[in-house]
**Q** 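Have a look at the structure that comes next, please.
Within every chain, numbering begins at 1; the chains are lettered A, B, ... in the order of the sequence lines, protein sequences first and strands thereafter. The analysis underlying the following values was restricted to heavy atoms, covering all of them including side chains, and did not include hydrogens, waters or symmetry mates.
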Amino acid sequence: MAKNLLIVESPAKAKTIEGYLGKDFTVKSSYGHIRDLVKSEDAIDIAHNFEQKYEIPADKKQIVSELKKLAKEAEMVWLASDEDREGEAISWHLYETLGLKETNTKRIVFHEITKPAILRAIDNPRTINYNLVNAQQARRVLDRLVGFELSPVLWKKVKPSLSAGRVQSVAVRLIVDREREVNKFQSEAAFRVVAIFGKGRESFKAELGERFDKQEDAEKFLQDCAAAIFNINSLETKPAKRAPAAPFTTSTLQQEASRKLGFSVSRTMTVAQRLYESGKITYMRTDSVNLSDTALNAAAQEINSAYGAQYHQLRKYKTKSASAQEAHEAIRPTYFNEHTTDGEPAEKRLYELIWKRAIASQMSEAQFERTVAKIGISTRSEELVANGEVMKFDGFLKVYLESVDEDEDNQQDGDNAILPPLTKGQQLSLTDMTATERFSRPPARYTEASLVKKLEELGIGRPSTYAPTISTIQNRGYVVKEEREGKQRNFRVLTLKNGAITQVEKTETTGAEKGKMFPTDIGAVVNDFLVQHFNGIVDFHFTANVEKQFDDIAQGLEEWTKMIRKFYDPFHKEVESTILNADRASGERELGVHPVSGKKMSVRIGRYGPFVQIGESDDEDKVYASLRAGQMIETISLEEALELFKLPKKAGVFEDKDMTVAIGKFGPYIRHNSAFYSLPKGIDPLEVSEDQAIEIILEKRKKDAEKLMKTFDENPDMKILNGRWGPYIEFGKLNVKIPKGKEPLELTYDECKALADAMEKEPKKAGAKKFAKKK
DNA sequence: CAGTGAGCGAGCTTCCGCTTGACTT
């Protein structure tokens, strides 16, 4: 029996630490929080100082009873949860739940999982910091109060099952706001002038600083240039340098993995989790850019041996984020001498990205020589400018270059061009000159990763919640991640060559988007409702303001119940008056009048989504049509709305085959007898041929057949199927996992029935229960 | 869930953060 029980939050951490400590220590993990507020309304007693009711969730019962047993047997319990608000609360919950005493409990903290750091922590124990615990309680209670009072307002005024919260509602607001900026953006065209001088390998590019709004002006400029002599007016060469970026935090890892590897935010976290669990990287949910001394030494050694001492530069980074809690290290490889790793391709690619970024962060600056040549035009007062850059020392660029988001206008190309040898006063020969019509671009829509970046800047959300938040707002139907086709646009190009000017018209695609976040109608309606009635909560600075107050609580400067009271009373009054006074929100917008009948045309959100209505609501003969993918209440035009009525509801009917194609609640589908088959995306329901429909049906049946492993004569409702995660029994509404060790094909009907009955009686897993209920 | 968009009402939904497994149109 070990004398000491040490409890951390993560099992992978527990394993590592157990290796550092001797036989006297048993190291266990709490798997995060072990208690939470009860689900019901009475979790917080508002009249009695916001007293809370906690419960141990079903999936934590086992671990808690195991910890209880071990704690009883141990002489000393060391609470080693993270050193931040949540970690302190975890220690407190453990203290309360495990029935610990002050005499046999010590609280320790460390920021890095290295042997010296752990031993140092054990030599410097403290007691639970109740101020910090109180700050966490305030955070937890505030989030529950906001979420569980606002959401029901939405159920009443907009639609059931919707949700609102301190974090998710701001995330939605950012996306709605951005969409409106994009929609109202007026792009402006201007002619950009680029000249090519010299021939072959000696040729280089120069650009005019200003642009011409009018074609005549651009043309006049080219004309003037046709007869001009070009001389180098000035030539300036300056050294320049570039420093590496800090090692990854959760948010920067998500951004880079999105840009460089095309990973979604949740994929990045899943892959990183696997790397962490196999001991290849440090903890992946962190807001710290700090590296441990052990890591700094290991990186230095690796850089020296792999690249040479001139490539090493010791660097210590400081966080720029005011909300950072820095309970962990930055994300880095556990062993710097492992440049790569085995495993799945995704793991390998993410590992290499983490390795490169961490190594580069300890490398020297890259050095350049930048040359700016200004070129005079004998017939004009403007100058053309040529930029050249020569790398003198690659430094950190030997391993890693951070990428940037494709947005924010002025993305100049060709900035790394190499200029031929030039001298001041030198006369240049013009090869050609073009004036190309360019358009200003609207602000970029958010990707998952750029949304995380923005939330982090606003101090909203935490490394552990960025990915779940993005899932939530999509699951609620507030936003969608989509591809959208662009539009064709013409632009003019004027070319001056051999003294003559020619004009051509070219076409480009504009506004095409891939993997960007778009608001839905319901997202926009909910957002507008919240902005109108609860502006304080969805204000971008709300979190930052309450965080300041949580900090005061953590420092013992304020009582947490007082702070919550000050917030809650006026907030609750707003909730009540909104329930009483606010109109139902449907996003209704009048489109105008129907060109033939003269009846009112309007769009709004209905029970089954957004639709157009012709006629007043109390008209007997009003008619409706659903909006189609990509259309929004805010932007649909009267003409587009009229088009919807030309689409027959029954898109296609195939005679004598009991088969129809139609557009239903959930999009276009084929119905064959009583079976439904949804149409794959990209197929127009109006264009589906009978052959195509049959093919789609056969395809789906083939897929279903592949899944089917066994049926039973006793009862056609009992089937054994092969699902994504292995074989399972389907019996009516129930799905039952086949226990390990059983050969699915050898199961008899009675055995299956017994398993199904057991599941029905006592659904052990929460997921199975939910699933059974949903069906 | 599948060809509708009235209103009523029972009984349901919902937050953010900390962790891993479990997940089956």
Side-chain angles (χ1 to χ4, degrees), chain A residues 8-13 29-37 39 41 43 57 59-60 63 81-82 84-87 89-90 93 136 139-155 159-169 273 277 285 327 460-465 468-469 472 476 543 586 604-613 617-618 622-626 648-650 660 662-671 674-678 700 703-704 707 721-730 735-738 764-768 770-771 773-775:
Chain A
V8 294
E9 291 181 36
S10 147
K13 222 189 249 182
S29 137
S30 72
Y31 290 79
H33 273 294
I34 52 150
R35 287 204 300 190
D36 192 16
L37 293 174
K39 288 261 182 300
E41 299 279 290
D59 56 339
K60 292 287 164 66
I63 183 73
S81 48
D82 297 346
D84 56 18
R85 214 160 53 199
E86 298 296 326
I90 289 175
H93 282 304
Q136 194 274 345
R139 199 281 304 157
R140 181 68 189 90
V141 166
L142 178 120
D143 282 337
R144 168 58 69 87
L145 291 172
V146 168
F148 276 40
E149 295 220 3
L150 278 191
S151 300
V153 178
L154 296 179
W155 304 343
K159 209 178 113 170
S161 301
L162 295 175
S163 66
R166 174 177 59 82
V167 173
Q168 57 169 283
S169 297
Q273 176 90 28
E277 282 171 9
R285 289 187 275 265
I460 299 174
R462 303 276 315 132
S464 69
T465 59
T469 299
T472 300
R476 296 271 174 278
T543 291
S586 68
R604 68 172 192 274
I605 289 186
R607 251 202 292 175
Y608 309 117
F611 70 104
V612 195
Q613 176 175 305
S617 282
D618 48 13
K622 60 187 187 245
V623 286
Y624 335 92
S626 295
K649 275 193 176 159
K650 264 187 220 175
T660 56
I663 301 163
K665 263 206 264 188
F666 308 104
Y669 64 96
I670 304 168
R671 179 152 86 173
S674 58
F676 294 91
Y677 305 86
S678 40
K700 168 81 159 63
K703 263 195 189 154
D704 288 347
K707 272 176 43 185
L721 299 163
N722 196 10
R724 234 194 316 168
W725 287 280
Y728 65 100
I729 301 163
E730 188 186 275
N735 282 349
V736 188
K737 199 181 170 77
I738 294 174
K764 277 188 208 132
K765 312 267 155 65
K770 226 193 261 166
F771 181 72
K773 218 164 91 185
K774 209 162 61 187
K775 264 194 158 176

**Q** A:L162 has an atom CG; how far is it from atom P of B:dC15, in whole Å?
**A**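 These atoms are roughly 10 Å apart.
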
**Q** Would you say A:F148 stacks on B:dT14, if stacking means ring centres under 5.5 Å apart and planes within less than 30 degrees?
**A**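 Here A:F148 meets both the 5.5 Å and the 30° conditions.
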
**Q** Let's see if you can work this out: which of B:dC16, B:dT13, B:dC15 has an atom nearest to the side-chain heavy atoms of A:P160?
**A**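 That would be B:dT13.
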
**Q** A:E41 CD to B:dT14 C1': how many Å, rounded?
**A**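 These atoms are roughly 10 Å apart.
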
**Q** Using the P atom as the reference point in each nucleotide, state the distance between B:dA22 and B:dC1 in Å, no decimals.
**A**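 About 28 Å, rounded to a whole number of Å.
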
**Q** Suppose we screen for side-chain hydrogen bond (donor to acceptor under 3.5 Å, both in side chains). Which residues come up paired with A:R139, at least two apart in sequence or across chains?
**A**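 By the side-chain hydrogen bond (donor to acceptor under 3.5 Å, both in side chains) rule, A:R139 matches A:E86, A:D143.
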
**Q** With C1' as the reference atom in both, quote the distance from B:dT13 to B:dG9 in angstrom, rounded to an integer.
**A**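 B:dT13 and B:dG9 have their C1' atoms separated by 16 Å.
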
**Q** Excluding sequence neighbours, so at least two apart, what forms side-chain contact (heavy atoms from CB on, under 4.5 Å) with A:S81?
**A**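 Result, side-chain contact (heavy atoms from CB on, under 4.5 Å) vs A:S81: A:E9, A:I90, A:S91, A:R107.
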
**Q** Using whole Å, report how far CD of A:E149 lies from P of B:dC16.
**A**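 That distance rounds to 15 Å.
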
**Q** With sequence neighbours excluded, tell me which residues meet salt bridge (Lys or Arg N to Asp or Glu O under 4.0 Å) with A:R144.
**A**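 Per chain and number, A:R144 pairs via salt bridge (Lys or Arg N to Asp or Glu O under 4.0 Å) with no residue.
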
**Q** Which residues pass the salt bridge (Lys or Arg N to Asp or Glu O under 4.0 Å) test with A:K13, sequence neighbours left out?
**A**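 Expected list: A:D82.
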
**Q** Across the strands shown, which category fits A:R476 at heavy-atom distances under 4.0 angstrom: base, sugar-phosphate, nothing?
**A**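 Contact class for A:R476: sugar-phosphate only.
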
**Q** What are the two closest heavy atoms between A:L162 and A:W155, and how far apart are they?
**A**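 Heavy-atom minimum between the residues: O-NE1, 2.8 Å.
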
**Q** Kindly write out the residues that satisfy ring-ring contact (aromatic ring centres under 6.0 Å, His included) with A:F611, not counting sequence neighbours, or none if the list is empty.
**A**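 Residues passing ring-ring contact (aromatic ring centres under 6.0 Å, His included) with A:F611: A:Y624.
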
**Q** Across the strands shown, which category fits A:S163 at heavy-atom distances under 4.0 angstrom: base, sugar-phosphate, nothing?
**A**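 Answer is sugar-phosphate: A:S163 comes under 4.0 Å of backbone atoms only.
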
**Q** Counting the atoms with a prime plus P, OP1 and OP2 as sugar-phosphate, which does A:R140 contact under 4.0 Å by heavy atoms, base, sugar-phosphate, or nothing?
**A**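 The residue A:R140 makes base contact.
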
**Q** With sequence neighbours excluded, what pairs up with A:T472 under the side-chain hydrogen bond (donor to acceptor under 3.5 Å, both in side chains) test?
**A**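 A:T472 satisfies side-chain hydrogen bond (donor to acceptor under 3.5 Å, both in side chains) with no other residue.
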
**Q** What nucleic acid atoms does A:G606 come within less than 4.0 Å of, heavy atoms only: base, sugar-phosphate, or nothing?
**A**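 Answer is base: heavy atoms of A:G606 come under 4.0 Å of a base.
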
**Q** Using side-chain hydrogen bond (donor to acceptor under 3.5 Å, both in side chains) as the criterion, list what pairs up with A:S29, not counting sequence neighbours.
**A**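 Not a single residue meets the side-chain hydrogen bond (donor to acceptor under 3.5 Å, both in side chains) criterion with A:S29.
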
**Q** When we call it a touch if two heavy atoms are under 4.0 Å apart, what does A:Q168 touch: a base, just sugar-phosphate, or nothing?
**A**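 Contact class for A:Q168: sugar-phosphate only.
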
**Q** Contact class for A:V146 vs. all strands (heavy atom < 4.0 Å): base, sugar-phosphate, or nothing?
**A**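 Since no nucleic acid heavy atom lies under 4.0 Å of A:V146, the category is nothing.
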
**Q** Tell whether A:R139 reaches the base of B:dC16 with its side chain through a donor-acceptor pair below 3.5 angstrom.
**A**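 Counting by modelled atom types and ignoring angles, a donor-acceptor contact under 3.5 Å is found here.
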
**Q** Can you give the dot-bracket line for DNA chain B, using ( ) for pairs inside the strand, [ ] for pairs that cross earlier ones, | for pairs with another strand and . for unpaired bases, where Watson-Crick and G-U count if both distances are under 3.5 Å?
**A** .........................

**Q** Looking at every strand, decide which applies to A:T472 at a 4.0 Å heavy-atom threshold: base, sugar-phosphate, or nothing.
**A**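 Sugar-phosphate only.
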
**Q** Quick test: give all pairs of protein nitrogen or oxygen and nucleotides 18-21 of chain B nitrogen or oxygen below 3.5 Å, distance rounded to 0.1 Å.
**A**
from, atom 1, to, atom 2, distance (Å)
B:dC18, OP2, A:S464, OG, 2.7
B:dC18, O5', A:S464, OG, 3.4
B:dC18, O3', A:E9, OE1, 3.1
B:dC18, O2, A:H33, N, 2.6
B:dT19, OP1, A:Y283, OH, 2.4
B:dT19, OP2, A:Y283, OH, 2.7
B:dT19, OP2, A:R285, NE, 2.9
B:dT19, O5', A:Y283, OH, 3.4
B:dT19, O4', A:G32, N, 3.4
B:dT20, OP1, A:S10, OG, 3.0
B:dT20, OP2, A:Q273, NE2, 3.1
B:dT20, OP2, A:R285, NH2, 2.5

**Q** Show the nearest heavy-atom pair for residues A:A164 and A:S151, with the distance to one decimal.
**A**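 Taking every non-hydrogen atom into account, N-OG, 3.2 Å.
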
**Q** Nearest-Å distance, CG (A:L37) to P (B:dC15)?
**A**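 Spelled out: CG on A:L37 to P on B:dC15 is 14 Å.
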
**Q** To the nearest Å, give me how far apart CH2 (A:W155) and C1' (B:dC15) are.
**A**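 Answer to the nearest Å: 11 Å.
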
**Q** Considering residues at least two apart in sequence or located in another chain, which fulfil the side-chain contact (heavy atoms from CB on, under 4.5 Å) criterion with A:P468?
**A**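 A:P468: no side-chain contact (heavy atoms from CB on, under 4.5 Å) contacts found.
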
**Q** Expressed as a whole number of angstroms, how long is the span from A:L142:CG to B:dG17:P?
**A**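 So the two atoms are 11 Å apart, to the nearest Å.
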
**Q** Go through the structure and list residues passing salt bridge (Lys or Arg N to Asp or Glu O under 4.0 Å) with A:D36, not counting sequence neighbours.
**A**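 Residues passing salt bridge (Lys or Arg N to Asp or Glu O under 4.0 Å) with A:D36: A:R140.
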
**Q** Of all heavy-atom pairs between A:P57 and A:I34, which one has the smallest distance, and what is that distance?
**A**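 Looking at all heavy atoms of both residues, the closest pair is CD-O, 3.5 Å.
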
**Q** With rounding to the closest Å, how many angstrom separate the C1' atoms on B:dA2 and B:dT24?
**A**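 About 23 Å, rounded to a whole number of Å.
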
**Q** Across nucleotides 6-11 of chain B, 5' to 3', mark each nucleotide with B, S or - according to how protein heavy atoms within less than 4.0 Å reach it.
**A** ------

